[in-house]
Amino acid sequence: MKFNAPRGTNDILPPDTLKWQYIEKKTHEIFSNYNYQEIRTPIFEYTELFQRGIGEVTDIVEKEMYTFEDKGGRSITLRPEGTASVIRSFLENKIYGQAQPTKYYYIGPMFRYERPQSGRFRQFHQLGVEAIASNDPALDAEIISLGMRLLQDFGLNDLELHLNSVGCGECRPTYVDKLKKYLNENKEQLCDNCKSRIDRNPLRVLDCKNDSCQSVIKDAPKITDNLCESCADHFNDVQEYLDILNLDYIINPLLVRGLDYYTNTAFEIKDNALGAQDTVFGGGRYNGLAEEIGSRDLPGIGFALGIERLLLSLEAKDIELPVESGVDLYITVIGEQAKKESFKLLDQLRNKGFITEIDYLGRSVGSQMKSADRMNAEYTIIIGENELNNNSATIRNMKSGDEKEIQLSNLLEEMKQLVDKEDI
RNA sequence: GUGGAUGUAGCUCAGUUGGCUAGAGCGCGGGAUUGUGGCUCCCGAGGCCGUGGGUUCAAGCCCCAUCAUCCACCCCA
């Protein structure tokens, strides 16, 4: 074995690709239904976009980016997430000049340099939405319900929705100061990691799993008790809209998100059957992002869903996506002459829309039948010397084993009758 | 970046205290049926035992290194 796929990357092979196609198809359907439109941005961007957008002190920017210099000496980074690119595109293309809000969705690969583990890869795939230029809490609820609707359509009904508000530029700094003060007072009980986080990123202390830290966190001031009036109102309204939609949620004041641009609403959908990486999708509002990477103050909200994690979640629950594989017809040939006749027939059948296959390995009749069986062929069309002489073909129903010989001139018509295909 | 586990056939895995040509099941190919799949039976192909060193008369097994995979931490999708 000479080559491996690079660490943390995966080949997606048949029949798994069918699942991916199904997910993509459903995504297009459902997102369209909510009137979100697809946007496709580059896989790489100038590094600075992510540094500014995601935040210099985040883990992503500090240690997880695939950054390189191109031949022109520019610093380029493979996108680690989708939102910064979408907002950049929105601003660059002056979409703000059109009727608002703008509702986009995207689907594609993202890249982060991390040690792979269950549910985490260096190249992974997200589908996500962004609703830009409105601060309406109804949109927060719409985004969340859209994600839940997608999961529901895949058969996932029992995932936990965690909801929080992380405040805004007004109230968060005040809260962070308060939290810092509290943490410093209880510093002795915190793990080393958290001690150093008090100054660097105090919100992160909140989701430390260390037991001793947990006991400190339990009585720490909660962001939800320290929101300014407008943030508190927004948070209440989001909950009200979620209630209207009958969506269950868990208020989780400890939920913080690792990207700097989040404001107000933050949410994660977790599947506790998943292990350490249990967030299937997560997102929130990012009212400060556009100003950070552009010059306009534009609100926005979105989520990103990890396709690999969605697949893991389905697997954990033994849910099979309704994907179909196999062929309608398999042509079994006996002899060189029959192969040549059949090759024309193969083409005609395919032109009529039948998924049709033939042997390319010169194998025995038995083996050809076996192949037909393995491909789940509905019918096998057998053509040998007898049939050649009669200008006919023998068709065999692979389920019942029934066979009959029919004239080649009637074959196309006959197969239309027998094979249930709506588009034929 | 840190820690733990694991690398033997296409896949899942056996392989004893180191001891002759390295095994099974499944899958794959052929045959039993000179033109018929699923069940059964027979035969067959396919292994630098992850890689490189070392110890030994002798290494799949012991030691070291290295690479890869998995899991966890950090953090996130």
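Just so it is clear, the values below take in all heavy atoms, side chains as well, and ignore hydrogens, waters and symmetry mates. Because the structure is predicted, anything quoted here is derived from the model rather than measured. In what follows, every chain begins at residue 1, and chains take the letters A, B, ... in the order their sequences are listed.
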When the [atom1] atoms of [N] and [M] are considered, how many whole Å apart are they?
N: B:G15; M: B:G54; atom1: C1'; value: 24 Å
N: B:C74; M: B:G27; atom1: C1'; value: 41 Å
N: B:C63; M: B:G7; atom1: P; value: 13 Å
N: B:A32; M: B:G37; atom1: C1'; value: 16 Å
N: B:U12; M: B:G3; atom1: P; value: 28 Å
N: B:C62; M: B:A14; atom1: P; value: 14 Å
N: B:C49; M: B:U21; atom1: C1'; value: 16 Å
N: B:G60; M: B:G53; atom1: P; value: 14 Å

Go through [options] for me and flag the one nearest to the [X] side chain.
X: A:Glu114; options: B:G35, B:C71, B:A77; value: B:A77
X: A:Gln117; options: B:G1, B:U36, B:C73; value: B:C73
X: A:Pro116; options: B:G35, B:C71, B:C70; value: B:C70

Please state whether the phosphate of [N], meaning OP1 or OP2, lies under 4.0 angstrom from any side-chain nitrogen or oxygen of [X].
X: A:Arg7; N: B:U69; result: yes
X: A:Thr332; N: B:U36; result: no
X: A:Arg374; N: B:G29; result: yes
X: A:Gln368; N: B:G37; result: no
X: A:Ser367; N: B:G37; result: no
X: A:Arg363; N: B:G29; result: yes
X: A:Gln277; N: B:A77; result: no

Assess whether a salt bridge exists between [X] and [Y], defined as any Lys/Arg side-chain N lying under 4.0 Å from an Asp/Glu carboxylate O.
X: A:Lys270; Y: A:Glu160; answer: no
X: A:Lys416; Y: A:Glu413; answer: yes
X: A:Lys19; Y: A:Glu315; answer: no
X: A:Asp59; Y: A:Lys63; answer: yes

Q: Write down the distance between CG (A:Asp16) and C1' (B:C11), rounded to a whole number of angstrom.
A: 15 Å
Would you classify [X] as touching base, sugar-phosphate or nothing, given that sugar-phosphate means primed atoms plus P, OP1 and OP2, and contacts are heavy atoms under 4.0 Å?
X: A:Ala304; value: sugar-phosphate
X: A:Phe303; value: nothing
X: A:Glu308; value: nothing
X: A:Glu403; value: base
X: A:Ser364; value: sugar-phosphate
X: A:Gly384; value: base

Q: Please check if the distance between the ring centroids of A:Tyr105 and A:Tyr36 is under 6.0 Å.
A: no
Q: Go through residues 46-63 of chain A and report each residue with a non-hydrogen atom lying under 4.0 Å from RNA chain B, sorted by number.
A: A:Asp59, A:Lys63
Q | Close approaches to RNA chain B from residues 309-317 of chain A, in residue order (heavy atom, under 4.0 Å) | A | A:Arg309
Q. In terms of ring plane angle, is the pair A:Phe90 and A:Tyr104 parallel, tilted or perpendicular, where the classes change at 30° and 60°?
A. perpendicular
Q. Any stacking of A:Phe124 on B:A77, going by centres under 5.5 angstrom and planes within less than 30 degrees?
A. yes
(Q) For a side chain to side chain donor-acceptor pair (under 3.5 Å) check, start with the C-alpha distance between A:Asp243 and A:Tyr249, then their side-chain angles and the critical distance, and finish with the verdict. (A) CA-CA 9 Å; A:Asp243 292 338; A:Tyr249 51 87; 3.1 Å; yes
**Q.** Those residues that, when tested against A:Arg172, pass side-chain contact (heavy atoms from CB on, under 4.5 Å) (two or more places apart)
**A.** A:Val166, A:Val176, A:Leu203, A:Thr263
Q: Given salt bridge (Lys or Arg N to Asp or Glu O under 4.0 Å), test A:Glu29 with A:Lys26 step by step and report yes or no.
A: CA-CA 5 Å; A:Glu29 274 173 28; A:Lys26 272 286 172 199; 3.5 Å; yes
**Q.** Short side-chain to backbone donor-acceptor contact, A:Glu308 and A:His125, under 3.5 Å
**A.** yes
Q: Using atom types as modelled and distance alone, determine if a side-chain donor or acceptor of A:Lys103 lies under 3.5 Å from a backbone N or O of A:Tyr34.
A: yes
Q. When you check every protein heavy atom under 4.0 Å of nucleotides 38-50 of chain B, what one-letter string (B, S, -) results, 5' to 3'?
A. B------------
**Q.** ring-ring contact (aromatic ring centres under 6.0 Å, His included) involving A:Phe343 - partner list, sequence neighbours excluded
**A.** none
Q: Would you please enumerate the stems RNA chain B participates in, each stem being three or more consecutive Watson-Crick or G-U wobble pairs with both distances under 3.5 Å?
A: B:1-7 with B:67-73, B:10-13 with B:23-26, B:28-32 with B:40-44, B:50-54 with B:62-66
Q | Nearest atoms (heavy-atom pairs only) where A:Arg7 meets A:Pro116 | A | CG-CG, 3.9 Å
Q: Give the C-alpha distance, both sets of side-chain angles, the deciding distance and a yes or no for salt bridge (Lys or Arg N to Asp or Glu O under 4.0 Å) between A:Arg350 and A:Glu357.
A: CA-CA 9 Å; A:Arg350 285 173 173 170; A:Glu357 193 51 284; 3.5 Å; yes
Q. Using a distance-only test with no angle check, is there a side-chain donor-acceptor pair under 3.5 angstrom linking A:Gln126 and A:Glu81?
A. no
Q. Looking at side-chain heavy atoms only, is the closest gap between A:Val323 and A:Pro15 below 4.5 Å?
A. no
